[in-house]
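Here it is, the structure in full.
Whatever order the structure lists ligands and atoms in, that order sets their numbers, starting from 1. Note that these values count all heavy atoms, side chains included, but never hydrogens, waters or copies made by symmetry.
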Amino acid sequence: MTRFVFITGGVVSSLGKGLSAAALAALLISRGYNVRLRKLDPYLNVDPGTMSPYQHGECYVTDDGAETDLDLGHYERFTAVAARKTDNVTSGRIYLDIITKERRGDYLGGTVQVIPHVTNAIKEFIGADIEEGVDFVICEVGGTIGDIESTPFLEAIRQFGNDHRGQVIYMHVTLVPYLAAAGELKTKPTQHSVKELRSVGIQPDILICRTEHEIPDSDRRKISLFCNVPEGAVIQALDAASIYEVPLNYHAEGLDAEVLRAFQIDPKATDPDLTRWHEIMEHVKSPEGHVNVAVVGKYIELQDAYKSMNEALTHGGFANNVKVKLHWINARELSDDNTDETFEKVDAIIVPGGFGEGGSEGKIAAAKYARIHKVPYLGICFGMQMACVEYARNVLGMADAGSSEFRECTDPIVGLITEWQEDGVLHQRGEGDDKGGTMRLGAYKARLEKNSLAQQVYGEVVISERHRHRYEVNINYKERLEEAGLKFTGLSPDGKLPEIVEIKDHPWFIGVQFHPELKSRPFDPHPIFASFIKAALTQSRLV
Ligand code: GLN
């Protein structure tokens, strides 16, 4: 039997519901259960693919090509369960499907309404595509209780509980703030939030109380009494030094045991094995030294825009038992004039993915500096594209080399991909096509050149990595770039799309057209990041 845990948030946003969901999943997995994680997002965009990273942080891409909420990244990193298209839905998607059906006449003259049509569609989504053997589905509802737009989702999860009695519990993540003037923690916001939840017919079974200070027993009793939950189900969630500590902290607070009890399962029947989390915390707490990595990006004010990359770099640090210190460099402010001073003290440079011309010259300057000074360089997607433009301009002397993403140029080293193959299926795109959901998205295979750095890093010849891009390095320039020393060491299986480039005469210079950061796990660091940090460590010892 599959059981469902619904997670809602109260009082304020940014309490880390996604992390709570991921940590609970990790704990249930540590007890031998099979878990899936899902997210319901109340906004009206059909998916986050068209949103600016400033609005919504990173867009996380799944193997099957869905552009999803960044919380799915937490889910995958904490569980290693690959997320799918069917694990994230928005109001926009639900309404789009319903309105498309309505226009087709599928409702046969009936009135189409929020209840039952929207709520039924949400319920269908919650229960769909769950394979045999899944013990728990943990389903997070985005937004905060009281938001107008979440109402249909709350109604749907309430109904779902009624439809599947005994198989559903509700967990509410709330804030217990500390008032410095009064010198005490306040439980009233939590009481109000639960009252709001109960007003839509949902009685939480478990409360996760985010707090900066220990919650005294008297306050726990108060919360338990006013919110109608057992005292043991008032889980204190103190701020953690590292996100990877959260599963251990929740376990110490009894969260996993409490969830099982809420389902009438004896927690003693399973023995949690938390070894991997203890090992990760060893790396967090006692690294042997550190490396300095410069991140040259354009959305640097909002680090959530690079969430998975930040985590993958941290994981690369775990693999080498060092701490990775990130130095955020605004690509718009970087040029050949200031690269020397900017990169003087860094051991490696990374240029992450990006869109649009803004900051591109700074990224090109970063690639140039890394090439000339033999500093380890990792270019991800846009970072690879700009490294190729740099090589064409400054090594091959093509002064007007560029990307057709910006404008027409004499040498479009990077151009729009109009056709590609996926398992024998041909995808085609044109200039004027819709922007949403039309990039080359999801996992594609690449073939690596034997004995290349890339192949040594992966230890394999055929790899599969996730993509999210509309442009690609133009294969027609392969020969000229290779002759000049920039090797195309990874190609799509049909040999038409460049996937990896590397500079032969350089200690570590790799550009990848895909996003390896999406597949890195704290307990299984991605080989590209492990190797990149190792190269940074070698570099740090040179200076
Ligand atoms: N803007 C580039 C493209 O669409 C790169 C995208 C990315 O870095 N994810 O191809």
Side-chain angles (χ1 to χ4, degrees), residues 47-54 56-63 65-68 70 73 295-300 302 304-310 312 331-332 349-364 366-367 377-390 401-409 412-420 427-444 446 465-475 477 490 492 496-501 510-520 528:
D47 59 45
T50 53
M51 280 193 235
S52 153
Y54 282 129
H56 204 257
E58 157 188 280
C59 173
Y60 191 79
V61 181
T62 57
D63 274 334
E67 296 176 281
T68 69
L70 58 71
V295 183
V296 182
K298 131 169 139 169
Y299 315 107
I300 56 166
L302 183 75
D304 265 3
Y306 303 112
K307 189 80 207 152
S308 294
M309 184 200 69
N310 297 351
R332 295 179 203 264
I349 299 172
I350 184 163
V351 177
F355 292 83
E357 191 171 12
S360 57
E361 290 302 322
K363 294 175 184 179
I364 289 171
Y377 176 92
L378 174 57
I380 296 178
C381 204
F382 198 72
M384 165 194 181
Q385 297 175 357
M386 293 307 106
C388 293
V389 170
E390 190 282 315
S403 166
S404 59
E405 181 172 357
F406 315 147
R407 76 184 84 81
E408 274 184 30
C409 53
I413 298 296
V414 180
L416 183 72
I417 352 168
T418 49
E419 275 191 11
W420 66 92
H427 291 253
Q428 288 183 306
R429 299 285 189 268
E431 289 276 1
D433 285 4
D434 277 358
K435 289 281 177 276
T438 56
M439 282 189 253
R440 183 170 177 240
L441 289 167
Y444 286 90
E465 292 282 6
R466 297 181 195 172
H467 293 67
R468 181 174 186 250
H469 58 113
R470 214 179 291 284
Y471 297 84
E472 184 129 47
V473 175
N474 190 336
I475 194 83
Y477 288 92
S492 56
K496 288 186 180 156
L497 302 175
E499 294 279 12
I500 303 183
V501 296
I510 289 188
V512 291
Q513 185 54 73
F514 44 82
H515 291 272
E517 70 273 23
L518 302 176
K519 285 176 61 170
S520 188
I528 287 271

Under 6.0 Å between ring centres: does that hold for Tyr299 and Tyr54?
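They qualify: ring centres under 6.0 Å apart.
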When you measure from the heavy atoms of Met439 to every atom of ligand 1, does any distance fall below 4.0 Å?
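Judged by the 4.0 Å heavy-atom criterion, Met439 does not count as contacting ligand 1.
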Could you establish whether Glu472 and ligand 1 come within less than 4.0 Å of each other, counting only heavy atoms on the residue side?
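No.
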Is Gly354 close to ligand 1, meaning an N/O of one under 3.5 Å from an N/O of the other?
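Yes: some nitrogen or oxygen of Gly354 is under 3.5 Å from one in ligand 1.
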Which of the atoms in ligand 1, numbered in the order shown and given with their element, are less than 4.0 Å from a heavy-atom of His515?
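Ligand 1 atoms under the 4.0 Å threshold to His515: 9 (N).
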Pairs of nitrogen or oxygen atoms closer than 3.5 Å, one from His469 and one from ligand 1: do any exist?
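No, since none of the N or O atoms of His469 sits under 3.5 Å from an N or O of ligand 1.
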I need the minimum non-hydrogen distance between Tyr471 and Val414, along with the two atoms involved.
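Looking at all heavy atoms of both residues, the shortest contact is CB-CG1, 3.7 Å.
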In the protein, which heavy atom is nearest to atom 7 (C) of ligand 1, and how far is it?
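Ranking protein heavy atoms by distance from atom 7 (C) of ligand 1, first comes Cys381 SG, 3.0 Å.
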What distance do Glu499 atom CD and Met384 atom CE have between them, rounded to the nearest 0.5 Å?
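Result: 7.5 Å between the selected atoms.
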Say whether Ser403 and Gln385, considering side chains only, have a donor N or O and an acceptor N or O under 3.5 Å apart.
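No pair is found: no donor N or O on one side chain lies under 3.5 Å from an acceptor on the other.
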Find the distance between CD (Glu517) and CD1 (Ile350) and round it off to the nearest 0.5 Å.
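Output value for this atom pair is 7.5 Å.
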N/O separation below 3.5 Å, Tyr471 to ligand 1:
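N/O-N/O distance under 3.5 Å: yes.
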Nearest heavy atoms of Arg466 and Phe514, plus distance in Å
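Taking Arg466 first and Phe514 second, the nearest heavy atoms are O-CB, 3.2 Å.
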Which residue and non-hydrogen atom of the protein lie closest to atom 4 (O) of ligand 1, and at what distance in Å?
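Scanning the protein heavy atoms, the shortest distance from atom 4 (O) of ligand 1 goes to Arg470 N, 2.9 Å.
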For a quick test of reading the model, state the closest non-hydrogen atom pair linking Met309 to Pro352 and the distance between them.
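That closest heavy-atom pairing would be SD-CB, 3.6 Å.
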Atom indices of ligand 1, in the order listed, that fall short of 4.0 Å to a heavy atom of Gly353
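Answer for ligand 1: 8 (O).
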Within a distance under 4.0 Å of any heavy atom of Glu405, pick out the atoms of ligand 1 and give their elements.
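What qualifies from ligand 1 is 1 (N), 2 (C), 3 (C).
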Which of the atoms of ligand 1 are close to Arg468, meaning less than 4.0 Å from one of its heavy atoms?
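By the 4.0 Å cutoff, the relevant atoms are 6 (C), 7 (C), 9 (N).
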Does an N or O from Phe382, backbone or side chain, lie closer than 3.5 Å to an N or O of ligand 1?
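There is such a contact, yes.
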Quick one: closest heavy-atom pair of Cys409 and Ala401, and the distance?
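Smallest heavy-atom distance, with atoms named: SG-C, 4.5 Å.
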